[in-house]
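So the structure is just underneath, and the comments pick up after that.
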Amino acid sequence: EVRRLDEAARRTAAWSDAAEKTKRGSRNSGLRPDRGFIGHKAAKMMKRSKVLEHRMERAAREKAGLLKNIEETEALKMFPLVYDKERLVTVDQISFARGERQIFREFSLEIRSGDRIALKGRNGCGKSTLLKLIAGVEEPDAGQIRIGSRLKISVVSQDSSGLKGTLEEMEERAGLDRALFRAVLRKLDLSRDQFDKRLEEYSEGQRKKILLAKSLCEPSHLYIWDEPLNYIDIFTRIQIEELILSRQPTMVFVEHDRAFSERIATKAVSLCPAGQGQSLRTCTKSHLGWTLTFTVRFGGSGLDKGERDV
């Protein structure tokens, strides 16, 4: 914007100078130039140039102030822990059904140190269910989920209805640093006048911010986030993205913001409903791009694997 105004001001000033020069010089078709008219025209152009210059200066000051505010905003923080083993979680041939509906059949997955796995798939394919199974909220009907010894897991769930009581009671239950937790909440644009309300009175968006702030404040080996960016403004999203890329925590997450997922994820696992042939597809990011590894199961028995670059 500043550059555009600067160019417009320079162009108008040049027109003014060119018009002013025509006041003197050779006749045009035998007639002397009307110096009064030309001078008036040049003055109007110069005035317009000055107006553009003032607009440019004002825009520059506003943009500079905005940039200064962004630079002075303290960055968000998180505290990922380094696990002493390469493998954190092993999901080994699990099956899971909800009523008559089969969600997983002989499904396997490994979470290794440094992985940031984005779960993909249409609604109802089991993304949130898989996160709950890994977090221990649900138990598989068959197979095993092996969690590393003394592994600390931090969870941002999709459902925030379990938040009850006061903010202070929550801080005590979770063992959070009160000053840090509330500073993060302020960075997530939760106003101070909300701090004295009961959590049941918060909006869905405010409760989601509570869960996200809590997770950022928890030192953990593994972060399990289910749609963490719902209700989060664009500037905070950028901060969270930069924070994750900087601290490189081990994560498994579901997020519908495609740009965020593609930049953050080191792997993308696409889930398909059990019984429809393909049940697992994994994309792994490297300096060469993304490599697609797919596993196809028919009726939960036969197994075929392939790999290609994409």
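The chain is numbered in sequence order, starting from 1. Atoms considered below: every heavy atom in the structure, side chains included; atoms not considered: hydrogens, waters and symmetry mates.
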- Message: As a test of understanding, state which of K208, K127, E227 forms a side-chain hydrogen bond (donor to acceptor under 3.5 Å, both in side chains) with Q158.
- Response: E227
- Just checking, any donor-acceptor pair under 3.5 angstrom between side chains of Q93 and S108? yes
- Query: V89 versus L222: any side-chain heavy-atom pair under 4.5 Å?
  - Reply: yes
- Euclidean distance, R182 CZ relative to E168 CD, rounded to 0.5 Å: 6.5 Å
- Message: Regarding D92 and T90, do their side chains bring together a donor and an acceptor under 3.5 Å, going by distance alone?
- Response: no
- Query: Is there a side-chain contact between I244 and Y223 (heavy atoms, below 4.5 Å)?
  - Reply: no
- Can you establish whether the number of heavy atoms outside R173 located under 6.0 Å from its atom CZ is more than 12? yes
- Query: Going through the checks in order, is the side-chain hydrogen bond (donor to acceptor under 3.5 Å, both in side chains) test met by S157 and D159?
  - Reply: CA-CA 5 Å; S157 63; D159 180 14; over 6 Å; no
- Query: Between the side chain of H221 and the main-chain N/O of L81, is any donor-acceptor distance below 3.5 Å?
  - Reply: no
- Message: If only side-chain N and O atoms count, and only distance matters, is there a donor-acceptor pair under 3.5 Å linking D115 with T250?
- Response: no
- Query: So do the side chains of F104 and L271 get within less than 4.5 Å of each other, counting heavy atoms only?
  - Reply: yes
- Under a single-linkage definition using a 4.5 Å side-chain heavy-atom cutoff for Ile, Leu, Val, Met, Phe, Trp and Tyr, are Y202 and L176 assigned to the same hydrophobic cluster? yes
- Message: So that I can tick it off, tell me whether E169 and K164 are bridged by a salt bridge, with the cut-off set at under 4.0 angstrom between side-chain N and carboxylate O.
- Response: no
- Does any non-hydrogen side-chain atom of D189 lie less than 4.5 Å from one of K209? yes
- Note on the structure: Residues D233 and F235: closest non-hydrogen pair is OD1-N, 3.1 Å
- Item | Any side-chain heavy-atom pair of F195 and L190 under 4.5 Å | yes
- Query: Between CZ of R87 and CZ of R112, what distance do you get to the nearest 0.5 Å?
  - Reply: 4.5 Å
- Task: List the atom of P140, the atom of F96, and the distance in Å for their closest heavy-atom pair.
- Result: CA-CD1, 4.1 Å
- Task: Could you walk me through whether L133 and I145 pass side chain to side chain contact (heavy atoms under 4.5 Å, CB included), step by step?
- Result: CA-CA 8 Å; L133 287 164; I145 297 180; 3.7 Å; yes
- Query: Can you tell me how far the OG atom of S113 sits from the CG atom of D84, to the nearest 0.5 Å?
  - Reply: 10.0 Å
- In terms of hydrophobic clustering (I, L, V, M, F, W, Y; side-chain heavy atoms under 4.5 Å; direct or indirect links), are L180 and L188 co-clustered? yes
- Report yes if some heavy atom in the side chain of I210 is under 4.5 Å from a heavy atom in the side chain of Q206; otherwise report no. no
- Query: Does one hydrophobic cluster hold both L245 and F79, with members joined at side-chain heavy-atom distances below 4.5 Å?
  - Reply: yes
- Over all atoms of both residues, closest heavy-atom pair of V156 and L212: CG2-CA, 4.0 Å
- Shortest non-hydrogen contact from L211 toward S160: CD1-CB, 3.7 Å
- Euclidean distance, T166 OG1 relative to K197 NZ, rounded to 0.5 Å: 14.5 Å
- Lys/Arg-Asp/Glu bridge criterion (N-O < 4.0 Å) met for R146, E110: no
- Query: Is the closest side-chain heavy-atom distance between I117 and M251 below 4.5 Å?
  - Reply: no
- Does F107 belong to the same Ile/Leu/Val/Met/Phe/Trp/Tyr cluster as I147, with side-chain heavy atoms less than 4.5 Å apart forming each link? yes
- Message: Let's go through E106 and S95 carefully: what are the C-alpha distance in whole Å and the side-chain angles of both, what is the deciding distance for side-chain hydrogen bond (donor to acceptor under 3.5 Å, both in side chains) to 0.1 Å, and is it a yes or a no?
- Response: CA-CA 5 Å; E106 298 181 11; S95 295; 5.8 Å; no
- Message: Show, in sequence, the C-alpha distance, side-chain angles and deciding distance for L163 and M170, and conclude whether the side chain to side chain contact (heavy atoms under 4.5 Å, CB included) test is met.
- Response: CA-CA 8 Å; L163 290 176; M170 177 190 169; 4.2 Å; yes
- Distance in Å, D141 CG paired with I94 CD1, rounded so as to fall on 0.5 Å steps: 9.0 Å
- Yes or no on salt bridge (charged side-chain N to carboxylate O under 4.0 Å, His left out) for E201 and R198, after CA distance, side-chain angles and deciding distance? CA-CA 6 Å; E201 300 175 22; R198 294 186 62 82; 5.6 Å; no
- Query: Given E171 and D177, is the side chain to side chain contact (heavy atoms under 4.5 Å, CB included) satisfied, shown in steps?
  - Reply: CA-CA 7 Å; E171 291 163 349; D177 182 308; over 6 Å; no
- Item | From CG (L131) to CD1 (I224), nearest 0.5 Å | 6.5 Å
- Item | Test item: Q144 side-chain N/O and V91 main-chain N/O as donor-acceptor pair under 3.5 Å | no
- Which atom pair, heavy atoms only, marks the closest approach of A135 to V155? CB-CG2, 4.0 Å
- Task: Please report the shortest heavy-atom distance between I240 and L76, naming the atom on each side.
- Result: CG1-CD1, 3.7 Å
- Task: List the steps, then state whether salt bridge (charged side-chain N to carboxylate O under 4.0 Å, His left out) holds for E138 with R98.
- Result: CA-CA 11 Å; E138 303 267 15; R98 201 177 297 282; 3.4 Å; yes
- Task: Give the cluster check for V184 versus L199: same hydrophobic cluster or not, with ILVMFWY residues linked at side-chain heavy-atom distances below 4.5 Å.
- Result: yes
- Message: Could you check whether any side-chain N or O of S261 sits under 3.5 Å from a backbone N or O of E255, counting only pairs where one atom can act as donor and the other as acceptor?
- Response: yes
- Evaluate salt bridge (charged side-chain N to carboxylate O under 4.0 Å, His left out) for E241 paired with R237, printing each intermediate quantity in order. CA-CA 6 Å; E241 183 179 298; R237 287 182 181 219; over 6 Å; no
- Below 4.5 Å, heavy atoms only, C-beta onward: do L185 and L167 meet side chain to side chain? yes
- Pick from S220, P80, P219, C217: which one makes a side chain to side chain contact (heavy atoms under 4.5 Å, CB included) with S154? S220
- Item | K187 and T236: CA distance, side-chain angles, deciding distance, side chain to side chain contact (heavy atoms under 4.5 Å, CB included) verdict | CA-CA 8 Å; K187 291 184 179 67; T236 306; over 6 Å; no
- Item | Cation-pi geometry met for R116 and F253 (6.0 Å, 45°) | no
